[in-house]
Amino acid sequence: MANETTTSSWNDLIHSEAIDAIILKANRPPPIHLAISYLRDASKGGAGTFRFAKWNKDDVPAGTKTEGTGAFTKVESTTGGATATAGYVGMGRALTAEAKQDAMRGLAELMIQNEDAGRERLTKDLLGLFTSATNTENFGNVAFNLTRWGTAKFSFEALNPVGTRRAFISSLAAIRGLEADMRTTGASFLANPVEFTAGNQNIRLVPGQGFRGYFEGYEIYVSSLCPDNDADTISSAFAMVGDQGALGLAVWEGWDHRVEDDPEHANELLWSRSRYGVQITNQSNLLEVITED
């Protein structure tokens with residue numbers, strides 16, 4: 001045949017490629033901070049700091065009271081605690097009028113991107129508390145195996161931690177060594193979903209959200225955001241998690257988005273921010289574990 005109309009005939013009208021309207025998410029670490037944090041609303045306190053208060057330990061004196069003449073010893077009741085300081089984190093994006101018109105991508109999608117980035121920042125800040133732990137099991141530049149798991153776990157138990165949920169928050173390097181040892185011994189995690197409530201929100205965790213399963217009574221979480229100590233070592237942690245746990249997260253302002261027009265440059269400016277503070281609430285509820293990176 002001749003003189004048929006083809007895509008070459010209409011090359012100026014043919015799109016060079018089709019693009020899916022649904023865009024794949026950026027590769028970010030699972031946001032595990034809601035699962036492991038002691039979350040408190042600080043927005044109504046009228047102050048830029050938030051106090052996580054705790055009772056100090058009081059002991060009953062030894063010995064018995066003498067009948068008729070003896071008296072009990074008075075014991076002072078004292079409190080302690082830790083303070084989180086509010087700070088803003090945030091970021092901005094500029095969307096040109098040309099990009100908005102030609103790519104058909106709006107500010108709402110950029111808000112989602114900002115919130116995803118914000119969750120990563122918050123998780124990193126929370127896990128960064130590991131290096132401020134008073135109690136540390138430092139194995140140095142060696143793999144974290146089952147023997148070292150047992151040593152660190154019983155060091156944590158010796159602190160008499162208080163709470164209902166025990167967890168191990170593992171770096172990628174630590175979980176690599178632990179699972180390698182598990183494969184040779186036939187041990188395994190019991191990978192069932194876990195449900196809990198955080199800030200009036202019911203949350204169900206599955207392995208894709210950083211929750212790996214249970215082992216010897218501990219919830220196992222994995223994150224690539226665990227902090228480095230040096231070029232050769234990285235921190236994981238045993239911790240009491242959730243309500244009254246070790247990793248305090250006080251939130252003054254959740255993610256808030258503001259849009260302003262920039263007519264001079266034909267832009268729309270998106271500003272996203274959150275105000276929060278993190279702090280170790282109880283050092284006896286946290287044990288840093290240092291192993292190879």
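Below, all heavy atoms of this structure are taken into account, side chains as well, without hydrogens, waters or symmetry copies. Throughout, residue positions are numbered sequentially from 1 according to the sequence presented. In this text the structure is predicted, and so the values were computed from the model without any measurement.
- Taking a cutoff of 4.0 Å between a charged side-chain nitrogen and a carboxylate oxygen, Arg258 and Asp256 qualify as a salt bridge.
- Taking the centre of each ring, Tyr214 and Phe211 come in below the 6.0 Å mark.
- In this structure, Leu127 and Cys226 approach most closely via the heavy-atom pair CD1-N, 4.0 Å.
- Ion pair Glu157/Arg166 flagged as a salt bridge, since at least one NZ, NE, NH1 or NH2 atom sits closer than 4.0 Å to an Asp/Glu carboxylate oxygen.
- For Asn27, the CG atom sits in a loose shell: 12 or fewer heavy atoms of surrounding residues, nucleotides or ligands are nearer than 6.0 Å.
- No side-chain heavy atom of Leu247 sits under 4.5 Å from any side-chain heavy atom of Tyr38.
- Checking Asp41 against Ser43 by side-chain atom types alone, a donor-acceptor pair falls below 3.5 Å.
- The two atoms that bring Glu216 and Trp149 nearest to each other are OE1-NE1, 2.7 Å, heavy atoms only.
- Checked by atom type, the side-chain pair Ser171/Ser236 shows a donor-acceptor distance below 3.5 Å.
- Considering only heavy atoms from C-beta on, Ile32 comes within 4.5 Å of Thr123 through its side chain.
- Checked against the 6.0 Å centroid criterion, the rings of Phe130 and Phe238 do not qualify as a close aromatic pair.
- Residues Tyr276 and Arg121 are in side-chain contact: their nearest non-hydrogen atoms beyond the backbone lie under 4.5 Å apart.
- Counting heavy-atom neighbours within 6.0 Å of Tyr88 OH, excluding the residue itself, gives a total above 12.
- Pairs of residues two or more places apart, or lying in two chains, that qualify as side-chain hydrogen bond (donor to acceptor under 3.5 Å, both in side chains) and include a residue from residues 52-71 are Asn56-Thr78.
- Using a 4.5 Å heavy-atom cutoff, the side chains of Glu288 and Asn135 are not in contact.
- There is a path of hydrophobic side-chain contacts, each under 4.5 Å, that joins Trp255 to Leu34.
- Just one of Val241, Ile169, Ile36 meets the side-chain contact (heavy atoms from CB on, under 4.5 Å) condition when paired with Glu219; it is Val241.
- Salt-bridge formation is detected for the pair Arg212/Glu179: a Lys NZ or Arg NE/NH1/NH2 atom is positioned less than 4.0 Å from an Asp or Glu carboxylate oxygen.
- Side-chain contact between Glu268 and Leu107 is present, with heavy atoms from C-beta onward closer than 4.5 Å.
- Donor-acceptor pairing under 3.5 Å is lacking for the side chains of Ser8 and Asn11.
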